[in-house]
Amino acid sequence: MTRISLGLVTLLALSTAVSMVNAHEGHHHEEEQKAFSAPDAAIDIAEFKATTIKAPFLEQFDINWSDRWTASEATKETTAEGEVFSYVGQWAVEEPHKYPGLKGDLGLVAKSAATHHAISASLPEVVDNKDKTLVVQYEVKAQDGLECGGAYMKLLTDSPEGIKFKEFSNDTPYTIMFGPDKCGGTNKVHFIFRHKNPITGVYEEKHLQSAPPAKLDALSNLYTLIVKPDQTFEIKINGETASNGSLLENFQPAVNPPKEIDDPKDSKPADWVEEAKILDPTASKPEDWDETAPPRIVDEKATMPEDWLEDEPSEIPDPEAAKPEDWDDEEDGDWIAASVPNPKCQDNGCGKWVRPMISNPAYKGKWSAPLIDNPAYKGVWAPRKIANPDFFEDLHPSNFDKIGAVGFEIWTMQKDILFDNIYIGHSINDAEALAAESWKIKHAAETKLEELANPRPQNDPPTLTFKENPIKFVVEELKEFFELAREDPMNAIQSRPIATSILAGTVGISFGLLLILLGLLSAAPVASASYKKTDEATADDEDHSKVDGSDKGSEELKEEPAVRKRTTVVEDDE
């Protein structure tokens with residue numbers, strides 16, 4: 001077989017192998033493109049199924065939602081500026097436009113940006129939490145993010161007169177306010193309950209101290225509040241505990257007032273002495289006390305170091321500085337180089353040597369009499385304590401006022417905030433079951449969709465192993481082998497032993513592999529000249545310019561480096 005034939009056979013074999021690899025990669029690339037252009041088709045999206053769980057209130061927003069929910073027509077007046085706002089924010093029930101995790105799953109969406117929204121719904125049955133566990137749970141999906149706005153829910157207090165839903169506003173009495181809120185430095189999950197003073201009849205808001213941070217993004221986030229009859233509470237975000245504590249200990253102001261208070265009629269006597277220490281009136285300044293002695297003096301024992309360079313300046317003109325070409329001595333004055341530290345002074349001192357300063361052992365400062373215990377001291381005065389006339393003790397604040405409705409009364413700068421799967425009841429198990437059959441499935445699909453929409457950067461791919469994906473591993477090894485083999489077959493064999501073994505096994509005998517490599521060596525110049533498929537400069541153009549030949553193509557290759565060199569020079573000049 002002639003060398004030319006060997007080269008042709010080799011090129012044919014390489015071409016076939018590379019085509020197979022590229023075909024596989026092209027197919028893989030097409031699959032990825034399909035996944036990004038139609039992400040819902042790339043993963044298995046389940047169909048929404050209405051729950052069979054029963055509760056005092058459970059809302060999944062089916063097609064009859066408008067029969068239960070009423071948008072507010074009220075106005076809202078701010079106390080600071082006296083401005084009046086209307087609740088004009090639009091509401092809709094629709095599927096999410098961002099990462100839909102369940103097919104046909106509808107949610108309540110606040111559609112307007114930079115607007116006040118208010119909407120509410122009556123509970124089929126009034127919730128009385130006396131001696132019961134209360135569970136409040138719902139989902140929030142900030143499809144366009146949430147930089148400033150609320151996404152909390154209010155459980156409205158039942159009233160004998162009934163709740164006026166069209167007049168629902170910030171003034172409507174509520175029993176509990178729960179959910180995320182974010183704006184500026186605020187980022188927390190509210191838990192506020194209104195508590196009635198049994199003596200005065202006045203309601204007071206009790207705010208959770210150290211509220212947990214909110215989680216608000218384009219995925220559905222599950223918020224759960226559990227209050228038990230032992231007065232403990234727990235807040236969960238996506239099923240994980242974010243905060244817990246006691247209604248009697250973790251709220252401000254406290255549920256119960258103090259038993260004793262300061263007597264408002266008591267006042268400090270005029271002769272009461274609160275100064276614990278005074279200057280000793282019997283002390284006098286010692287005769288040898290010199291108040292004029294300075295705190296620091298010259299060290300007379302110091303001597304100039306032997307390597308000190310008195311004749312060298314500490315700074316010199318910068319030897320590397322050069323006068324700018326556009327400097328005009330007549331207009332700009334005499335040019336003077338900037339000063340830099342003298343390198344000769346780096347390891348020792350330069351210039352005129354001066355003795356250093358040291359602390360003055362004779363320094364005592366200004367004399368003052370020492371302090372002694374005040375014989376007239378009576379202690380820190382405090383008014384006497386009296387019984388708190390407004391004292392009461394409520395050991396069961398979890399017996400909240402009855403709940404008759406639920407509503408969202410929010411202001412937000414971002415639109416398309418979606419609410420779904422609202423549960424209000426007394427069963428932790430039912431709330432968890434609802435989350436398992438809805439939120440968990442939905443959130444898992446949303447997470448995958450988000451990963452597809454935001455793939456891992458290609459410049460930092462994960463290390464692929466044979467165990468993870470055998471076919472892709474082999475393809476990658478062969479692809480890199482062939483790329484190296486076009487330039488240096490021996491280097492390809494040495495640096496890619498796995499691909500070499502694969503090819504040897506495929507050919508069947510080592511002699512066949514040897515023939516292919518010999519063909520590569522004989523045909524390498526032809527392949528090098530014909531492989532370039534672009535007119536743009538590449539990193540190996542300089543090597544190609546050295547190929548000998550009398551054809552026109554070789555002459556063009558010889559001329560290209562000169563053109564590129566000129567380009568490089570221009571760039572350097574810039």
Side-chain angles (χ1 to χ4, degrees), residues 51 53-60 121 123-141 150-158 174-181 188-195 205-216 220-252 254-255 394-408 419-440 442-443:
T51 185
I53 296 172
K54 303 299 181 182
F57 184 83
L58 202 160
E59 179 63 84
Q60 293 188 299
L123 270 61
E125 57 181 273
V126 174
V127 171
D128 184 355
N129 199 56
K130 185 175 181 180
D131 300 328
K132 295 179 182 178
T133 293
L134 177 67
V135 182
V136 180
Q137 180 172 280
Y138 71 110
E139 298 172 14
V140 179
K141 184 180 177 72
Y152 43 79
M153 185 170 64
K154 290 183 176 181
L155 307 186
L156 306 183
T157 305
D158 186 47
Y174 68 88
T175 299
I176 289 176
M177 178 174 139
F178 170 65
D181 188 14
K188 61 182 178 180
V189 180
H190 286 292
F191 175 20
I192 306 171
F193 67 91
R194 294 174 71 246
H195 183 266
E205 290 182 349
K206 308 298 181 181
H207 292 250
L208 172 62
Q209 296 175 304
S210 302
K215 184 174 179 59
L216 292 162
S220 297
N221 292 294
L222 185 70
Y223 288 88
T224 307
L225 170 65
I226 301 171
V227 181
K228 296 182 178 180
D230 63 358
Q231 314 315 306
T232 62
F233 73 91
E234 181 179 16
I235 294 175
K236 292 184 176 183
I237 301 177
N238 294 343
E240 300 291 334
T241 300
S243 178
N244 55 35
S246 169
L247 300 182
L248 297 170
E249 299 174 1
N250 299 102
F251 286 78
Q252 185 66 33
V255 171
D394 181 359
L395 300 179
H396 300 89
S398 65
N399 294 335
F400 302 116
D401 280 358
K402 295 179 180 179
I403 302 167
V406 59
F408 296 96
F419 306 97
D420 199 5
N421 291 316
I422 303 173
Y423 175 94
I424 301 173
H426 306 290
S427 173
I428 298 175
N429 291 336
D430 285 351
E432 291 178 347
L434 177 63
E437 68 182 42
S438 56
W439 175 80
K440 283 188 177 180
K442 179 193 306 184
H443 190 266

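These figures come from a predicted structure and were not determined experimentally.
- Across all non-hydrogen atoms, the minimal contact from V189 to P213 is CG2-O, 3.9 Å.
- Defined by atom type and a distance below 3.5 Å, a donor-acceptor pair is missing between the side-chain atoms of N429 and S427.
- Considering all non-hydrogen atoms of both residues, T133 and I226 come closest at CG2-CG2, 4.0 Å.
- The aromatic rings of F191 and F193 sit tilted relative to each other, their planes meeting at an angle between 30° and 60°.
- With sequence neighbours left out, the side-chain hydrogen bond (donor to acceptor under 3.5 Å, both in side chains) criterion links K154 to E409.
- One N or O on the side chain of Y223 and one on the backbone of K215 form a donor-acceptor pair closer than 3.5 Å.
- For the side-chain hydrogen bond (donor to acceptor under 3.5 Å, both in side chains) test, residues two or more places apart in sequence or in another chain that qualify with T224 are Q137.
- For the pair L216 and V140, the minimum side-chain heavy-atom distance is below 4.5 Å.
- Looking only at atom types and distance, the side chain of E437 has a donor-acceptor partner in the side chain of T51 under 3.5 Å away.
- Summarising the geometry of P56 relative to H426, their closest heavy-atom pair is CG-CD2, 4.3 Å, with the distance given to 0.1 Å.
- To the nearest 0.5 Å, atom CD of residue E139 and atom CG of residue N238 are 9.5 Å apart.
- I53 and L58 get closest at one heavy-atom pair: O-CD1, 3.6 Å.
- In this structure, a donor-acceptor pair under 3.5 Å is absent between the side chains of H207 and Q209.
- In this structure, the separation between CG on L134 and CG on N129 is 4.5 Å, given to the nearest 0.5 Å.
- Of the possible donor and acceptor atoms, one in the side chain of S438 sits under 3.5 Å from a partner among the backbone N and O of L434.
- Applying the salt bridge (Lys or Arg N to Asp or Glu O under 4.0 Å) test to residues at least two apart or on different chains, the pairs with a partner in residues 419-434 are K236-E432, D420-K442.
- A distance of 11.0 Å separates CD in Q252 from OG in S210, rounded to the nearest 0.5 Å.
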Given K132 and V127, is the side chain to side chain contact (heavy atoms under 4.5 Å, CB included) satisfied, shown in steps? CA-CA 10 Å; K132 295 179 182 178; V127 171; over 6 Å; no
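- Here the two rings, on F419 and F408, have centers that are under 6.0 Å apart.
- Within a 6.0 Å radius of NZ in K206, other residues, nucleotides and ligands contribute more than 12 heavy atoms.
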Just distance, no hydrogens or angles: give the donor-acceptor pairs under 3.5 Å from side chains in residues 243-251, sequence neighbours left out.
from	atom 1	to	atom 2	distance (Å)
S246	OG	L248	N	3.1
N250	OD1	S246	N	2.6

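- Proximity of the aromatic rings of Y138 and Y423 is defined here by a centroid distance below 6.0 angstrom, and this criterion is not met.
- A distance of 5.0 Å separates CG in L208 from CD1 in I235, rounded to the nearest 0.5 Å.
- The minimum heavy-atom distance linking A55 with I424 is given by the pair CB-O, 4.0 Å.
- Distance CD1/I192 to CZ/R194: 11.0 Å, rounded to 0.5 Å.
- Residues satisfying the salt bridge (charged side-chain N to carboxylate O under 4.0 Å, His left out) criterion with K141, sequence neighbours excluded, are E446.
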Side-chain donor-acceptor contacts of residues 395-406 below 3.5 Å, not counting sequence neighbours, with atom names and distances?
from	atom 1	to	atom 2	distance (Å)
S398	OG	Q231	OE1	3.2
S398	OG	Q231	NE2	3.1
N399	OD1	D131	N	2.7
D401	OD2	Y203	OH	2.5

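- Shown here for P124 and F57, the closest heavy-atom pair between the two residues is CD-CD1, 3.8 Å.
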